[in-house]
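Working notes, structure below.
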Amino acid sequence: MLSVERVRPAYVQVAAQLQELIVRGDLTAGQRLPVEAELSTMFGVSRSTVREALRLLSSQHLVETRRGVHGGTFVAAPDTGLMGDFLETGLGLLSGADLVSVDQLIEACDLLEVPAAQLAAVRRTPTQLEMIRKATTATERIEDPVERYEGSNGFHASILAACGNPLLNLVATPVFSVLRTRFQRSSVDATFWERSARQHHEIYEAIERGDAEQAGVLMRAHIDELRVLVPGGVEAVRRRTVGTGSVEAASAIAAATESPAAAGSATV
């Protein structure tokens, strides 16, 4: 059997070449593309094929059409909100199909949010620090566990916003959002929220002091609180922290083994 690549429809090939030019930077945001007739000549295809290609690129938010005297087809400006939504949708599909496990999502959170907390400690502005402080106390007066669960997202979002790296923020936010959907919110008991609130305060104080190392240590322990809710998570945290002398991790393990919500809280 010969190994060959199937010939794609002409409009897909045209769209792929234009997409490559956009991604490579040869066509930049706001730049007007040649008119249909010119593109048709350049690619050696019909104008209807060009229109199909442009429709495909428009559906991918790579180009946009403007009407009027100065209208035409232009390269769209990157939208981080759309990119984040696409990533969250893709991760959600993978997670829902069990192609990505809860433990893998938590591991990704650890790899992304720990350095974010460290960077926030040294890069945050006074305004960003105030946003973290407000997010830290926002859920304290909420008694409903579901509302409190939803409100805790603001704390993580404010730290990601303060880390000074928009790429880290773009990637970490969808990962955390998908992870949150995999936990049965109402099954987490009150002691979990008390520990979570205390940890939020401790992380905030480390960021306020500019203590990057401690902010990272505390954020990792905070994420371990989620890890121990996953079946087998307590043992995973114990193995990872053996010999490290981490008081925070030890506390997470002890709390998890005592909590009735530690077993079966994650939808896996």
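The basis for the numbers below is simple: all heavy atoms, side chains too, and nothing from hydrogens, waters or symmetry mates. If you read the sequence from its start, that first residue is 1, and numbering goes on from there.
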So [Y] and [X], do their side chains get closer than 4.5 Å, heavy atoms only?
X    : Y    : result
V14  : L56  : no
C163 : R123 : no
L87  : V175 : no
D26  : E20  : no
F74  : L33  : no
Q199 : L218 : no
C109 : L179 : yes
L129 : E208 : yes

Nearest 0.5 Å, please: how far is [atom2] in [Y] from [atom1] in [X]?
X    : Y    : atom1 : atom2 : answer
Q214 : I203 : CD    : CD1   : 10.0 Å
F86  : Q60  : CZ    : CD    : 8.5 Å
N165 : L112 : CG    : CG    : 10.0 Å
Q19  : I22  : CD    : CD1   : 7.5 Å
L57  : E52  : CG    : CD    : 11.5 Å
I132 : H156 : CD1   : NE2   : 11.5 Å

Backbone N/O of [Y] and side chain of [X]: donor-acceptor pair under 3.5 Å:
X    : Y    : result
T49  : V45  : no
S58  : L54  : no
E225 : H222 : no
Q128 : A161 : yes
T173 : N169 : yes

L170 and M83: side-chain contact (heavy atoms from CB on, under 4.5 Å), yes or no, with the steps? CA-CA 8 Å; L170 174 65; M83 293 178 186; 4.0 Å; yes

Test of understanding: clusters of I, L, V, M, F, W, Y form through side-chain heavy atoms closer than 4.5 Å, transitively. Do [X] and [Y] belong to the same one?
X    : Y    : answer
L168 : I207 : yes
L21  : M42  : yes
V12  : V23  : no
V114 : I159 : yes
V102 : L226 : yes

Will you find, in the side chains of S48 and S46, an N or O donor that is under 3.5 Å from an N or O acceptor?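 Indeed, the side chains of S48 and S46 share at least one donor-acceptor pair under 3.5 Å.
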
Would you say the side-chain atoms of E213 and Q118 include a donor-acceptor pair closer than 3.5 Å?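 No, because no side-chain N or O of E213 sits under 3.5 Å from a partner of the opposite role on Q118.
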
Verdict with supporting geometry, I106 and F176, side-chain contact (heavy atoms from CB on, under 4.5 Å): CA-CA 8 Å; I106 294 174; F176 184 72; over 6 Å; no

Counting only heavy atoms from other residues, nucleotides and ligands, does the tally under 6.0 Å from CZ of R67 exceed 12?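 No, the 6.0 Å shell around CZ holds no more than 12 heavy atoms from other groups.
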
Mind running side-chain hydrogen bond (donor to acceptor under 3.5 Å, both in side chains) on D85 and T89 for me, showing each step along the way? CA-CA 6 Å; D85 289 343; T89 298; over 6 Å; no

For a side-chain contact (heavy atoms from CB on, under 4.5 Å) check, start with the C-alpha distance between E64 and T73, then their side-chain angles and the critical distance, and finish with the verdict. CA-CA 6 Å; E64 59 187 11; T73 301; over 6 Å; no

Quiz item: cation-pi between R133 and Y204, 6.0 Å / 45°: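 Ring-cation test returns no.
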
Which pair of heavy atoms, one from [X] and one from [Y], lies closest together, and at what distance?
X    : Y    : result
A29  : A76  : CB-O, 4.0 Å
M219 : A117 : CB-CB, 4.0 Å
A172 : L160 : CB-CD2, 3.6 Å
G84  : P174 : O-CG, 3.6 Å

In sequence, state the C-alpha distance, the side-chain angles, and the governing distance for V75 and T28, and then conclude on side-chain contact (heavy atoms from CB on, under 4.5 Å). CA-CA 6 Å; V75 178; T28 58; over 6 Å; no

